[in-house]
Amino acid sequence: MVNVDRAIRVAVDTGDVLMGERETLKAVKNGECKLVIVASNCPSNLREDLERFAKISGVQIYEYKGSSLDLGAVCGRPHVISMLGVKEAGDSDIFELGRR
């Protein structure tokens with residue numbers, strides 16, 4: 001079983017990860033992400049946009065159980081992060097999350 005927080009942190013540290021809704025949504029539209037992690041309290045309008053673009057691009061979405069503040073802390077950032085896009089996993093097993 002994948003430790004979600006650890007997988008996210010390792011991906012942030014060793015992979016290619018985009019943080020924030022603007023960067024992530026743009027990358028999903030362009031088919032550049034393989035997985036999107038979305039905070040449980042992500043605003044519904046952003047989540048709807050993400051789901052629409054992800055369906056078109058074939059990108060998997062994983063709902064993080066914590067808030068955007070929790071997700072920011074896991075990423076080592078002192079601010080909220082509502083979603084992050086994973087382009088490359090690095091040393092992480094984060095892509096296992098999308099297969100659940």
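Counting begins at 1 with the first residue of the sequence.
Summarising the geometry, atom OG belonging to Ser44 is positioned 12.5 Å from atom CG belonging to Leu50; distances are rounded to the nearest 0.5 Å. One finds the CD1 atom of Ile56 at 10.0 Å from the NZ atom of Lys29 (value rounded to the nearest 0.5 Å). A distance of 9.5 Å separates NZ in Lys34 from CG in Asp16, rounded to the nearest 0.5 Å. Ser57 contributes atom OG, which lies 8.0 Å from atom CG of Asn30 (distance to the nearest 0.5 angstrom). To the nearest 0.5 Å, the span separating CD on Glu32 from CG on Leu18 amounts to 7.5 Å. Going from atom OG of Ser68 over to atom NE2 of His79 covers 11.0 Å, rounded to the nearest 0.5 Å.
Shown here for Lys87 and Phe95, the closest heavy-atom pair between the two residues is O-CZ, 4.2 Å. Heavy-atom minimum distance, Ala27 versus Cys33: CB-SG, 3.5 Å. Across all their heavy atoms, Ala54 and Ile61 have their closest contact at CB-CD1, 3.7 Å. Taking each heavy atom of Ala7 and Ser92 in turn, the nearest pair found is O-OG, 2.7 Å. The shortest heavy-atom contact between Leu84 and Cys75 is CD2-SG, 3.4 Å. Between Arg77 and Ile81, the closest heavy-atom pair is CG-CD1, 3.9 Å.
Two residues are said to be in side-chain contact when any heavy atoms from C-beta on lie closer than 4.5 Å; Ile94 and Ile37 meet this criterion. Using a 4.5 Å heavy-atom threshold, the side chains of Val59 and Phe53 count as separate. Two residues are said to be in side-chain contact when any heavy atoms from C-beta on lie closer than 4.5 Å; Glu63 and Arg47 meet this criterion. Leu35 is listed as a side-chain neighbour of Gln60, based on a closest heavy-atom distance under 4.5 Å. Side-chain atoms of Leu71 and Ile8, non-hydrogen and from C-beta on, do get closer than 4.5 Å to each other.
By the side-chain hydrogen bond (donor to acceptor under 3.5 Å, both in side chains) test, Ser67 pairs with Asp70, sequence neighbours left out. Considering only residues two or more places apart in sequence or on other chains, Thr24 meets the side-chain hydrogen bond (donor to acceptor under 3.5 Å, both in side chains) condition with none of them.
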| Step by step, would you call Leu25 with Leu46 a side chain to side chain contact (heavy atoms under 4.5 Å, CB included)? | CA-CA 9 Å; Leu25 289 174; Leu46 292 176; 4.2 Å; yes
| request: Kindly indicate, with the supporting measurements, whether the criterion salt bridge (Lys or Arg N to Asp or Glu O under 4.0 Å) is fulfilled by Asp13 and Arg9. | output: CA-CA 6 Å; Asp13 290 344; Arg9 185 56 190 248; 3.2 Å; yes
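The hydrophobic clustering, which links ILVMFWY residues whose side-chain heavy atoms are closer than 4.5 Å, places Val4 and Val86 together.
Counting non-hydrogen atoms of other residues, nucleotides and ligands closer than 6.0 Å to CZ of Arg52 gives a total above 12.
At least one donor-acceptor pair closer than 3.5 Å links the side chain of Ser40 to the backbone N or O of Gly66.
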